[in-house]
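A short worksheet on the structure shown next.
Each residue takes its place number in the sequence, starting with 1. Note that ligands are numbered from 1 as they come in the structure, with each ligand's atoms numbered from 1 the same way.
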Amino acid sequence: MNTPLLEVGELKTYFPIKSGLLQRTNGYVKAVDGITFSLNEGDTLGLVGESGCGKSTTGRSILRLIEPTSGSIKYNGSEVTTMDKGTLRKLRKDMQIVFQDPYASLNPRIQIGSIIEEALSTHNIGQNAKERKEMVMDLLEKVGLNRTAYERYPHEFSGGQRQRIGIARAIAVNPKLIIADEPVSALDVSIQAQILNLFQDLQEQMGLTYIFIAHDLSVVKHISDKIGVMYLGRMVEFASKDDLFSNPSHPYTQALMSAVPVPDPTVKKERIILTGDVPNPSNPPSGCTFHTRCSSCMDICTKIAPRSIELSPGHVVSCHLYDPENMQKT
Ligand code: SF4
């Protein structure tokens with residue numbers, strides 16, 4: 001069997017909460033609290049959940065833009081968490097990120113051509129400046145921009161065009177894995193579809209693997225092969241897209257799913273409204289952290305955290321409703 005491109009095992013990223021004059025640590029925000037999944041080359045994983053559930057921290061921890069607290073990240077079989085800086089720098093060529101707000105990540109005083117060229121020269125791609133310029137021109141065309149964009153500045157572009165520039169910069173170094181962190185959330189719906197299509201076209205052309213982060217299941221629905229649903233730092237359900245949409249099992253997934261619009265107006269679907277806000281991750285609820293908002297909450301849910309149950313091959317859910325062992329105790 002082929003080695004997965006990416007294997008994440010029990011990944012935890014905790015942020016210390018410091019207080020007092022001596023800035024002593026008196027607790028932790030468990031932003032990512034034991035995430036496990038694997039991806040094969042060419043896969044797209046959609047990571048969904050409300051804001052503050054740890055999706056972006058998961059993405060940044062995989063790239064080690066944030067240092068994970070514990071757990072394992074294997075890229076092509078090599079452990080990333082213990083890599084020295086030199087090896088990590090080389091690996092960064094393979095693993096790129098596209099941010100939600102491309103404007104914030106583009107220096108307003110630098111021409112687009114130079115922004116993309118910088119990515120090439122950082123990784124010693126291209127023999128000389130002339131060759132790099134030609135490569136940037138090709139990249140601009142590849143993401144659907146005019147070659148004249150080379151000499152223009154970020155403020156001269158619309159949100160969708162700026163996201164195309166962010167994508168051009170990410171693919172410039174010929175990566176294998178792209179972590180797209182809410183890349184269409186700030187865009188109008190019609191522009192969202194164009195950018196999603198661009199991601200799909202590039203995947204076909206370049207054989208890319210994606211982790212696609214979004215707060216909305218309808219955004220990841222078309223692009224993903226696998227979907228992970230996160231709540232308060234944990235993966236509460238993980239499945240292939242088809243399994244998740246045909247058999248959403250965790251009560252949180254069911255609530256997110258009920259908000260996905262159906263194209264057929266004759267199909268009536270009951271909307272599950274989640275009450276209350278996401279609890280404070282520095283002081284999460286006991287037992288199942290979703291119990292404060294779950295309409296199926298049982299006594300055991302307030303005391304014991306559910307374990308992961310495999311409902312069918314590759315479809316894993318963390319909920320007492322599916323755990324035969326715990327159900328016998330209730
Ligand atoms: Fe709801 Fe209990 Fe399942 Fe948590 S474990 S999602 S509270 S039924």
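- Distances below 4.0 Å separate heavy atoms of L321 from the following atoms of ligand 1: 8 (S).
- With no hydrogens or angles considered, a side-chain donor-acceptor pair links E237 and T253 at under 3.5 Å.
- There is no side-chain donor-acceptor pair under 3.5 Å between T209 and D43.
- For the residue pair Y150 and E117, a side-chain donor N or O sits within less than 3.5 Å of a side-chain acceptor on the partner.
- Without hydrogens or angle criteria, H123 side chain to L120 main chain gives no donor-acceptor distance under 3.5 Å.
- Under the 6.0 Å cut-off for aromatic ring centres, H250 and F290 qualify, their centroids lying closer than that.
- Heavy-atom contacts of H291 reach the following atoms of ligand 1: 7 (S) (cutoff under 4.0 Å).
- With a 4.0 Å cut-off on non-hydrogen atoms, C319 touches ligand 1 through its backbone as well as its side chain.
- For atom 5 (S) of ligand 1, the closest non-hydrogen atom of the protein is H320 N, 3.3 Å.
- In terms of protein heavy atoms, atom 4 (Fe) of ligand 1 is closest to C288 SG, 2.3 Å.
- Listed by atom number, the atoms of ligand 1 under 4.0 Å from F290 heavy atoms are 6 (S).
- Shortest contact from atom 2 (Fe) of ligand 1 to any protein heavy atom: C301 SG, 2.2 Å.
- No hydrogens or angles considered: a donor-acceptor pair under 3.5 Å links the side chains of Q203 and T44.
- Counting atoms of ligand 1 from 1 in the listed order, those under 4.0 Å from a heavy atom of H250 are 6 (S).
- When only non-hydrogen protein atoms are considered, atom 1 (Fe) of ligand 1 lies nearest to C294 SG, 2.3 Å.
- For Y28 and F15, the ring centers are positioned 6.0 Å apart or more.
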